[in-house]
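Everything on this sheet refers to the single structure shown next.
Only heavy atoms go into these numbers, but all of them, side chains included; no hydrogens, no water, no symmetry mates. Both counts, for ligands and for their atoms, begin at 1 and track the order of listing. Positions are given from 1 along the sequence.
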Amino acid sequence: MNNSKTSIAIVGGSLAGLTLALACSARGLAVHVIERSQARVQGGDSLGVDLAAIALTTGHDPRQQPALPVVPAYRDRHLTTWPALYAWLHERASKATGVTFQQGANVSSVTDLGDQVQLQLSNGAQHFADVAIGADGYNSVVRRAIVPADPLARYAGYLVWRGLIEERMLTRPVAWPSQGGLWIDFAEGYRLVAAVLPGRDGSLAPGQRQVTFAWFDAHQDDLLRRTGCLTEDGFIVGTLGRHKITPLIRIELLRRVAEQWPDPWAEAVSAGVQSLDALSGAPIAEYMPKRLASGRLALIGDAAHVVSPMTGRGFVTGVEDAAMLAQALADRQTQEPAALALARYEEARLPFVQGLVRQSRQISAEYLHLAVSRRRLEHHF
Ligand SMILES: Cc1cc2nc3c(=O)[nH]c(=O)nc-3n(C[C@H](O)[C@H](O)[C@H](O)COP(=O)(O)OP(=O)(O)OC[C@H]3O[C@@H](n4cnc5c(N)ncnc54)[C@H](O)[C@@H]3O)c2cc1C
């Protein structure tokens, strides 16, 4: 058996885990990132980012060359693609001082032994650390160790069909202002958020960019259950990927695109629906945290709190978590128990993230109310 030991273990090497790794490195702390994906992590399509917050947290400014490709969104937010952000973080974390990686290693359980943490890997190996941080997403294994009585995120009542397509697949470039922004529409109980983003090479030239869409749909519970993505008691156990989205589902979606959305977004969404790889249906989860830390364990990002994408806050909040947690660990006095630093992080952070999840639930409830009214209206006529 292959055992190893580090000071700070981060479970999960996606957006939150990489951000924390950089934040710790910038504050002189060594970390070991354990990620279950063999190679690069595959994530979402697009997201809103706060460039100044990323710079302050990681010590790397995404506005400096080679810059993260972005377009303005609203106020101090910019939009980027998920793959571009992941690549930007990963490239910097893999060269950062004191950051080591273990890819293709699934953590099956985490145990706080009092004087250290034991991480059990699925391949039989064990890793030991002074502290372990869960950055392992909405279905976090570290959260199970911190809150064993209430560890699972619940289905929020709707899914989002989402995709990222090449603008050159459309008949003509999207006429879209150079100052960027989001296009948001609500029709018959469905909600569409779309935007034009930099191309894969960062290009902002019309025809070379990418178009992203998130189509919120509260009428697919049966489909999610039939395809094994949702349990009867409301827990998410899968996403609708290319193998679960049958030709019949695609035909039905195409019919609704034409009825609901205007061009150029209708053409972009149709292209996404027809492409085998571009479309996925992600059931949306929410999780209200009661704890962010316990003993030598702590949580950040979606492992700590899960909010609807309608808040536009999931990753942004993960960046703030990473900054506060890294600072709490860096401020720790030599003889101070690690648990005290993690408790300080929890005390400072928990009220804010609980408020955010309450806000997310409110947004979801309002959306579901509108979606259900639409269903009744249809029935009535
Ligand atoms: C449609 C959509 C739009 C969104 N838009 C925005 C937006 O505009 N702004 C915003 O801020 N947020 C947005 N979000 C939310 C944002 O994408 C998430 O909050 C963020 O990606 C979560 O990152 P994470 O690293 O915490 O978790 P994840 O991305 O889930 O990463 C968890 C990582 O941990 C690894 N892992 C899991 N379990 C284990 C294990 N047992 N052992 C080892 N590794 C493990 C996984 O492989 C993965 O790499 C959006 C989300 C969606 C779905």
Side-chain angles (χ1 to χ4, degrees), residues 9-21 32-50 53-54 70 73-74 77-83 85-86 89-90 101-110 119-123 127 132-145 153 156 158-164 182 184 191-195 197 212-217 236 239 279-287 299-322 353 356-357 360:
I10 301 175
V11 183
S14 185
L15 302 185
L18 293 173
T19 304
L20 179 63
H32 183 64
V33 181
I34 306 176
E35 165 57 47
R36 70 179 167 200
S37 300
Q38 285 288 353
R40 296 200 146 215
V41 176
Q42 304 295 320
D45 305 303
S46 61
L47 73 180
V49 291
D50 180 336
I54 294 175
V70 295
Y74 51 92
R77 290 291 173 81
H78 286 75
L79 285 173
T80 188
T81 66
W82 197 100
L85 177 61
Y86 172 79
L89 289 167
H90 192 269
F101 279 96
Q102 195 171 349
Q103 295 273 157
N106 181 65
V107 176
S108 54
S109 67
V110 178
L119 298 106
Q120 181 64 51
L121 306 188
S122 298
N123 65 6
H127 183 83
I133 311 300
D136 48 344
Y138 78 94
N139 216 357
S140 166
V141 80
V142 183
R143 192 199 292 144
R144 283 163 215 239
Y158 51 94
L159 66 73
V160 57
W161 300 106
R162 59 184 197 182
L164 183 64
L182 287 171
I184 303 179
R191 183 180 195 258
L192 186 71
V193 182
L197 298 177
T212 183
F213 64 87
W215 177 9
F216 293 86
D217 181 346
I236 295 169
T239 291
L279 186 74
S280 67
I284 299 304
E286 282 171 328
Y287 182 78
L299 300 167
I300 63 161
D302 279 14
H305 38 72
V306 190
V307 292
S308 166
M310 290 194 211
T311 63
R313 281 281 319 182
F315 170 65
V316 171
T317 310
V319 172
E320 294 163 359
D321 296 342
V353 294
L356 187 64
V357 179
S360 173

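Contact annotation: the side chain of R162 approaches that of S280 to within less than 4.5 Å [non-hydrogen atoms, C-beta and beyond]. For the pair M310/I284, no side-chain contact is recorded, criterion being any heavy-atom separation below 4.5 Å from C-beta on. Looking at heavy atoms from C-beta onward, D45 lies out of side-chain contact with W82 at the 4.5 angstrom threshold. Taking the side chain as every heavy atom from C-beta outward, R36 and L121 never approach each other to under 4.5 Å. The shortest distance between side-chain heavy atoms of Y287 and V357 does not fall below 4.5 Å. Side-chain contact check for L279 versus F213: some heavy-atom pair is nearer than 4.5 Å.
Contact between A135 and ligand 1 is present, with at least one heavy atom of the residue lying under 4.0 Å from the ligand. Within the 4.0 Å heavy-atom shell around ligand 1 one does not find S140. Under a 4.0 Å heavy-atom criterion, G312 is in contact with ligand 1.
On a distance-only criterion, V160 and ligand 1 share no N/O pair closer than 3.5 Å. At under 3.5 Å, not a single nitrogen or oxygen of L47, backbone or side chain, sits near a nitrogen or oxygen of ligand 1. Polar contact with ligand 1: absent for V11 (N/O pair, distance under 3.5 Å). The shortest N or O to N or O distance between A303 and ligand 1 is not below 3.5 Å.
In A105, the part holding a heavy atom less than 4.0 Å from any atom of ligand 1 is the backbone. Contacts between T317 and ligand 1 below 4.0 angstrom, taking non-hydrogen atoms only, are absent altogether.
Stacking of R191 on the aromatic ring of Y158 is not recorded, the 6.0 Å distance cut-off and the 45° axial limit not both being met.
Evaluation of the ring-ring contact (aromatic ring centres under 6.0 Å, His included) rule for F315 yields no partner, not counting sequence neighbours. Checked against ring-ring contact (aromatic ring centres under 6.0 Å, His included), Y138 has no partners two or more places apart in sequence or in another chain.
Among protein heavy atoms, atom 31 (O) of ligand 1 sits closest to S14 CB, 3.1 Å. Taking atom 53 (C) of ligand 1 as the reference point, the nearest protein heavy-atom neighbour is R162 NH1, 2.8 Å. Here the heavy atom of the protein found nearest to atom 21 (O) of ligand 1 is L15 CD1, 3.6 Å. Among all protein heavy atoms, the one lying closest to atom 2 (C) of ligand 1 is P309 CB, 3.5 Å. When hydrogens are left out, the protein atom nearest atom 38 (N) of ligand 1 is R36 NH1, 3.3 Å; that is the closest non-hydrogen contact. At the top of the distance list for atom 19 (O) of ligand 1, counting protein heavy atoms only, stands D302 OD1, 2.7 Å. In terms of protein heavy atoms, atom 30 (O) of ligand 1 is closest to G137 CA, 3.4 Å. Nearest non-hydrogen protein atom to atom 8 (O) of ligand 1 is G48 N, 2.7 Å.
Taking a distance limit of 4.0 Å, we find that atom 14 (N) of ligand 1 is approached by no protein heavy atom.
Note: F101 and H90 have tilted aromatic rings, judged against thresholds of 30 and 60 degrees for the angle between ring planes.
Among L164, L182, T81, the one residue that satisfies the side chain to side chain contact (heavy atoms under 4.5 Å, CB included) test with T212 is L164.
Here the side chain of D50 pairs no donor or acceptor atom with the backbone of V316 at under 3.5 angstrom.
Which parts of ligand 1 touch D136 is read off a 4.0 Å heavy-atom cut-off, strictly below it: atoms 32 (C), 34 (O), 36 (N), 37 (C), 38 (N), 39 (C). Residue contact check: I34 has heavy atoms under 4.0 Å from atoms 43 (C), 44 (N) of ligand 1. Each of the atoms 40 (C), 41 (N), 42 (N), 43 (C) of ligand 1 lies under 4.0 Å from some heavy atom of V107. Listed by number with element, the atoms of ligand 1 under 4.0 Å from a non-hydrogen atom of N106 are 40 (C), 41 (N), 42 (N). Close approach of ligand 1 to G301 is summarised as follows: ligand atoms under 4.0 Å from at least one heavy atom of the residue are 26 (O).
Closest to atom 25 (O) of ligand 1 by heavy atom, among A304, A16, S108, A195, is A16.
Taken to the nearest 0.5 Å, the CG atom of L89 stands 4.5 Å off from the OG1 atom of T19.
When all heavy atoms of A303 and D136 are compared, the closest pair comes out as CB-OD1, 3.5 Å.
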